[in-house]
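Encoded as structure tokens, the structure appears first; notes follow it.
Every chain is numbered from 1, with letters handed out A, B, ... down the list of sequences. Because only heavy atoms are used, hydrogens play no part in the values below, and waters and symmetry mates are left out as well, while side chains stay in. Note that the structure is predicted; figures quoted are calculated from it, not measured.
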2 protein chains.
Amino acid sequence: MRTGTKGVPRLDREAQIVAVACRRFGEQGYAGTSVADVALAAGISKPLIYQYFGSKDGLYVVALREAAAVLVAEIERTAALGAVGIERAVLTLDGMFRVLEPQPWLWRLVFDPSAPRTGEVAEVLAEHEERLVVLGTDGVRDLLELVGNDDPDDLSALRAVWENAFRTLVGWWLDHPGTTPEEMTARCERLLATLFGGS
Amino acid sequence: MRTGTKGVPRLDREAQIVAVACRRFGEQGYAGTSVADVALAAGISKPLIYQYFGSKDGLYVVALREAAAVLVAEIERTAALGAVGIERAVLTLDGMFRVLEPQPWLWRLVFDPSAPRTGEVAEVLAEHEERLVVLGTDGVRDLLELVGNDDPDDLSALRAVWENAFRTLVGWWLDHPGTTPEEMTARCERLLATLFGGS
DNA sequence: TGGGTAAGTTACTCCGAAGTCATATCAAGG
DNA sequence: CCTTGATATGACTTCGGAGTAACTTACCCA
């Protein structure tokens, strides 16, 4: 590739790099993606990424922030609708499927188990986890209060179970690309109804 | 360290190395553990590991096989007891807590997201996943049949949710070291009863 | 007693990926 | 026309971890 400028303004280039990085990090994971990889996919060279983002983690933080903002905002939007119980759960799942449909890789980017747990990345991760814990606890609390259970550890564990059920359903959907958001929402509704209504 | 033999027979040494490797891989993950690391913890040198196990993956496969055998055997044991529904679920969780109490690191070793998905490791992983899928599907099937739902995708998704709920409860327990297996089993029983009995 | 073999180590090579340095091109303004 | 700053790259250094070559010691047995 020839050396010298191509006339692309910094902000445009940054946006392009971040878009490519979101996809790569999301599809291959943090550990499975090298900076050279992102550079190649973006059609530029590695030093440009270092010039604009400082380090691999610097780039990752920006991509992560962008992806997490989209997903958390969607969850907070549906939470604010005021539904409760199964209805709230289904609404949240439905919103997530719709947001993810055009860019499914955002999901695994935000919940990447290979992301580093140090430095600024850890801070960003902790920040979003915090918000999800608040929302999840909120959605799950009345279930326990209904049966007179006010044990905080029970609440913590139940919240964890719900969060992971949510993640599992989204993960299942991502692993079955033929399924539309509508179909998947209907499936979730059926399953949740079975769990809570049955036996 | 002095060179030359220390008189430890190969089989003894192998067993010792595998025990150390289980713990290291389980506590730090496959990616976060180097062969030199295991060697140091075992009080021997790196080439001895290569002489006995061939490669890092070779060692990992042996450790993984050993750990997975313990855990899957326990799940199959409780499954064979013939309980159904919540009772079966609680029984399985209880058995797992008891097995893991003296060696909690086995859990994360078997479900290590940083393990490679290539070569023999992938085969071993797939083999155990297969057995877990069979057991999980079995435990979850009647729940759907009870409401006249015979959609195979619903079954697949519900099984995934149950597997991850199981993993989450075990993970929660591991993250709260003060809790005895008995206490945790009781908690699981409360939570499952709330889910299935309530609302 | 001396050679073969199992058990063991030191000191190396090799490789991939993070990160850096020096340089090149272009556009705009004096 | 010529300098300056922004955009860009090829070629480099560095580092950690996988894997290897060559050597050493102790024990057993003819």
Side-chain angles (χ1 to χ4, degrees), chain A residues 1-21 24-25 27-64 112 114-121, chain B residues 1-21 24-25 27-64 112 114-121:
Chain A
M1 189 61 73
R2 251 192 68 191
T3 177
T5 183
K6 294 173 197 160
V8 179
R10 172 163 186 161
L11 288 180
D12 292 5
R13 201 49 114 188
E14 284 182 354
Q16 181 213 351
I17 294 172
V18 169
V20 169
R24 287 279 145 172
F25 283 132
E27 288 179 346
Q28 308 170 184
Y30 172 89
T33 306
S34 70
V35 175
D37 199 351
V38 175
L40 184 69
I44 57 162
S45 70
K46 204 169 44 143
L48 195 60
I49 292 183
Y50 281 92
Q51 194 173 324
Y52 286 169
F53 299 95
S55 66
K56 181 181 182 180
D57 282 19
L59 172 60
Y60 188 69
V61 161
V62 174
L64 184 60
D112 182 353
S114 76
R117 308 287 153 175
T118 55
E120 201 186 345
V121 177
Chain B
M1 189 61 71
R2 250 191 70 194
T3 178
T5 182
K6 294 173 196 160
V8 179
R10 172 163 186 161
L11 288 182
D12 292 5
R13 201 48 114 192
E14 283 183 354
Q16 181 213 350
I17 293 171
V18 169
V20 169
R24 287 279 144 171
F25 282 133
E27 289 180 342
Q28 307 168 186
Y30 173 90
T33 305
S34 70
V35 175
D37 199 350
V38 175
L40 184 69
I44 55 161
S45 70
K46 204 169 43 145
L48 195 59
I49 292 182
Y50 281 92
Q51 194 174 323
Y52 286 169
F53 299 96
S55 65
K56 180 181 182 180
D57 282 19
L59 172 60
Y60 188 69
V61 161
V62 174
L64 184 59
D112 183 352
S114 77
R117 308 288 153 175
T118 56
E120 202 186 345
V121 177

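- Sorted by first and then second residue, the salt bridge (charged side-chain N to carboxylate O under 4.0 Å, His left out) pairs involving residues 53-63 of chain A (not counting sequence neighbours) form an empty list.
- In this structure, B/S55 and B/G58 approach most closely via the heavy-atom pair OG-N, 3.0 Å.
- Extent of DNA chain D lying under 4.0 Å from chain B heavy atoms, first and last nucleotide in 5' to 3' order, is D/dG17 to D/dA26.
- Identified under the salt bridge (charged side-chain N to carboxylate O under 4.0 Å, His left out) test for residues 3-21 of chain A, with sequence neighbours left out: A/R10-A/E14.
- Remark: the backbone N or O of A/A31 is paired with a side-chain donor or acceptor of A/S114 at under 3.5 angstrom.
- At a threshold of 4.5 Å between non-hydrogen side-chain atoms, the residues B/F53 and B/I17 count as touching.
- Aromatic ring orientation, A/F25 versus A/Y60: perpendicular (interplanar angle above 60°, classes split at 30° and 60°).
- A/V18 and A/A63 make their closest contact through CG1-CA, 4.2 Å (heavy atoms, listed as atom of the first residue, atom of the second, distance).
- Taking five base pairs at each end of the helix from C/dT1-D/dA30 to C/dG30-D/dC1 and finding the rotation axis that steps the C1' atoms of four pairs onto the next four gives two axes whose angle is 30°, to the nearest 10°.
- Looking at B/P116 and B/T118, their side chains come closer than 4.5 Å, going by heavy atoms from C-beta outward.
- Here B/T5 pairs with nothing under the side chain to side chain contact (heavy atoms under 4.5 Å, CB included) rule; sequence neighbours left out.
- Of all nucleotides in DNA chain C having an atom under 4.0 Å from a heavy atom of chain B, the first and last in 5' to 3' order are C/dA7 to C/dT10.
- Scored by the side chain to side chain contact (heavy atoms under 4.5 Å, CB included) test, A/E27 finds A/R23, A/W105 as partners (sequence neighbours excluded).
- Along DNA chain D, the nucleotide nearest B/Y30 and the nucleotide nearest A/T3 are compared for position; the residue whose nucleotide lies closer to the 5' end is A/T3.
- Not a single side chain to side chain contact (heavy atoms under 4.5 Å, CB included) links B/R2 to another residue, sequence neighbours left out.
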Could you pull out every donor-acceptor pair under 3.5 Å between side chains of residues 35-46 of chain A and any protein atom, sequence neighbours left out?
from: A/D37; atom 1: OD1; to: A/R24; atom 2: NH1; distance (Å): 3.3
from: A/D37; atom 1: OD2; to: A/Q28; atom 2: NE2; distance (Å): 3.0

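- Applying the side-chain hydrogen bond (donor to acceptor under 3.5 Å, both in side chains) criterion to A/S34, with sequence neighbours excluded, gives no partner residue.
- In the region residues 36-53 of chain A, proximity to DNA chain C at under 4.0 angstrom, judged on heavy atoms, holds for A/K46, A/P47, A/Y50.
- For DNA chain D, the neighbouring residues in residues 4-13 of chain B, judged by any heavy atom under 4.0 Å, are B/G4, B/T5.
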